[in-house]
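Shown next, in structure tokens, is the structure this report addresses.
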Amino acid sequence: MQISPLHPEFGAEVREVDLASELSREEVKQIDLWANEYSLLLFRQQHMNDDAHLAFTEYFGVPEEEHTAYYGRGEIAYLGTVGNVDENGSKLGNQNRGVRSGRGNEMWHSDSSFREVPSLYSILCAYEVPDEGGDTEFISTRSAFDRLDQDTQSRLQGMVVVHDYIYSRTKVSEDAVNEGQRMYMYPVRQRLIRRNPVTRQQNLYIGSHARDIEGIETEEARTLLHELLQQASRGESIYRHQWQVGDVLLWDNRCLLHRGCGYDADRYRRYMRQTRVRGAGPTLAENV
């Protein structure tokens with residue numbers, strides 16, 4: 001395998017590997033080390049399907065239940081669809097409820113930070129991409145933490161943030177969540193500062209699901225969270241990925257935030273499949 005950087009702060013493209021084939025233990029170990037170091041890995045011109053996708057996911061841990069099916073309908077599924085193509089292959093338009101709800105992903109977020117045990121990695125495979133729009137942007141909260149002065153870094157240590165899926169999704173619209181989600185997706189407590197166990201680097205753990213900071217008045221807490229997010233998402237720190245059919249992205253949810261870029265669902269088809277690897281445990285139990 002060969003590797004080359006994607007962005008000055010994070011990310012790398014990995015070449016000379018076929019993710020749909022059986023990987024050796026050494027290849028899996030190397031990919032995992034690169035994921036810890038670079039946070040985002042791009043694999044081009046892959047020929048994936050759902051079985052290969054899930055098999056690749058299982059190299060890195062236990063697959064996470066897709067939250068829309070799990071909390072919304074009580075179904076366990078490990079692959080979810082990103083885009084506007086349904087299970088019958090039909091294109092859904094801009095006014096479809098699922099498409100409208102998906103616009104919540106256009107806010108900066110970390111996948112499954114609203115779960116007590118949040119995601120480790122997300123793996124997204126592109127099968128159909130629109131001619132215009134539909135890119136995905138990423139930022140590193142590891143780099144953002146490093147840019148803070150030492151006094152601010154020290155002040156943030158030990159803070160606990162409440163993450164809430166219902167809070168973030170209802171920013172889009174009240175019908176962006178269903179009754180099952182309202183009943184079972186409760187707020188969870190997460191560390192504001194996390195540390196990578198391999199590289200030992202620290203990072204912020206924030207995003208659109210971050211609602212409050214324990215022990216701080218709501219207005220002050222949300223101002224602080226907004227300022228941290230603004231600092232993390234400065235223009236020169238954003239990597240914008242323009243999808244091609246056959247692209248596979250693997251990213252580390254512990255230290256990256258991402259957001260989707262809009263596209264015209266009435267005109268274009270966007271069909272991607274995603275899995276996630278479950279994290280090792282609650283963030284509050286981590287050694288920081």
Side-chain angles (χ1 to χ4, degrees), residues 5-12 33-41 106-116 118-122 136-164 167-168 171 187-241 251-259 261 279-288:
L6 285 173
H7 185 276
E9 295 183 14
F10 66 99
L33 286 172
W34 281 335
N36 278 275
E37 179 180 357
Y38 290 99
S39 308
L40 172 71
L41 299 179
E106 295 175 16
M107 297 183 286
W108 291 114
H109 65 285
S110 172
D111 285 341
S112 295
S113 74
F114 50 80
R115 283 178 146 153
E116 185 177 358
S119 296
L120 169 59
Y121 297 147
S122 288
T136 304
E137 294 183 332
F138 294 86
I139 53 175
S140 170
T141 60
R142 178 186 295 171
S143 296
F145 179 82
D146 289 343
R147 290 195 297 270
L148 299 174
D149 62 74
Q150 289 190 349
D151 288 344
T152 303
Q153 290 180 354
S154 297
R155 180 167 64 93
L156 299 179
Q157 296 291 342
M159 287 188 178
V160 174
V161 179
V162 176
H163 287 241
D164 185 351
Y167 164 74
S168 68
K171 291 179 182 178
V188 298
R189 304 167 69 234
Q190 309 285 15
R191 287 186 181 275
L192 176 56
I193 305 299
R194 301 181 70 181
R195 184 188 293 274
N196 184 288
V198 176
T199 68
R200 304 305 297 161
Q201 294 168 287
Q202 290 185 301
N203 65 272
L204 303 168
Y205 194 55
I206 52 178
S208 64
H209 303 309
R211 190 191 74 192
D212 296 295
I213 302 175
E214 291 186 351
I216 300 179
E217 292 293 329
T218 297
E219 183 176 353
E220 180 184 353
R222 292 183 182 175
T223 297
L224 174 57
L225 290 168
H226 176 73
E227 289 174 350
L228 293 174
L229 183 57
Q230 288 293 103
Q231 203 276 348
S233 59
R234 62 181 192 170
E236 63 267 38
S237 295
I238 296 174
Y239 167 69
R240 186 179 182 113
H241 185 68
W251 67 87
D252 187 342
N253 283 298
R254 296 169 297 183
C255 61
L256 288 189
L257 299 180
H258 66 285
R259 66 180 180 184
C261 301
T283 65
L284 297 182
E286 294 174 351
N287 181 14
V288 175

- Task: Report yes if some heavy atom in the side chain of Arg194 is under 4.5 Å from a heavy atom in the side chain of Pro118; otherwise report no.
- Result: yes
- Query: Counting N and O atoms only, with roles assigned by atom type, does the side chain of Gln202 sit under 3.5 Å from a partner on the main chain of Asp146, one being a donor and the other an acceptor?
  - Reply: no
- Task: Rounded to the nearest 0.5 Å, what's the gap from CZ on Arg259 to CZ on Arg240? Could you check?
- Result: 8.0 Å
- Task: State the CZ-CD1 distance between Arg222 and Ile216, to the nearest 0.5 angstrom.
- Result: 12.5 Å
- Query: Side chains of Arg195 and Asn287: closer than 4.5 Å at any heavy-atom pair?
  - Reply: no
- In this structure, CG of Asn196 is separated from OG of Ser39 (nearest 0.5 Å) by 7.5 Å
- Crowding at CD, Glu236 (>12 non-hydrogen neighbours, <6.0 Å): yes
- Are any non-hydrogen side-chain atoms of Glu214 and Met159 less than 4.5 angstrom apart? no
- Item | Heavy-atom neighbours of Gln231 CD exceed 12 at 6.0 Å | yes
- Expected output: side-chain His163 to main-chain Arg211 donor-acceptor under 3.5 Å: no
- Message: Could you check whether any side-chain heavy atom of Asp252 comes within less than 4.5 Å of a side-chain heavy atom of Tyr121, counting everything from C-beta outward?
- Response: yes
- Message: With a 4.0 Å cut-off on N to O distance, would you call Arg254 and Glu286 a salt bridge?
- Response: no
- State which residue, out of Asp212, Ile213, Leu284, fulfils the side-chain contact (heavy atoms from CB on, under 4.5 Å) condition with Val160. Leu284
- Separation between CD of Glu219 and CD of Glu217, rounded to the nearest 0.5 Å: 9.0 Å
- Query: Does Arg147 reach the side chain of Arg234, with side-chain heavy atoms less than 4.5 Å apart?
  - Reply: yes
- Measuring from His258:NE2 to Tyr239:OH, what's the distance to the nearest 0.5 Å? 14.0 Å
- Query: Is there a side-chain contact between Arg191 and Tyr205 (heavy atoms, below 4.5 Å)?
  - Reply: no
- Polar side chain donor-acceptor pair, Ser119 to Asp111, under 3.5 angstrom: no
- Do we see a donor-acceptor contact under 3.5 Å between the side chains of Ser113 and His209? no
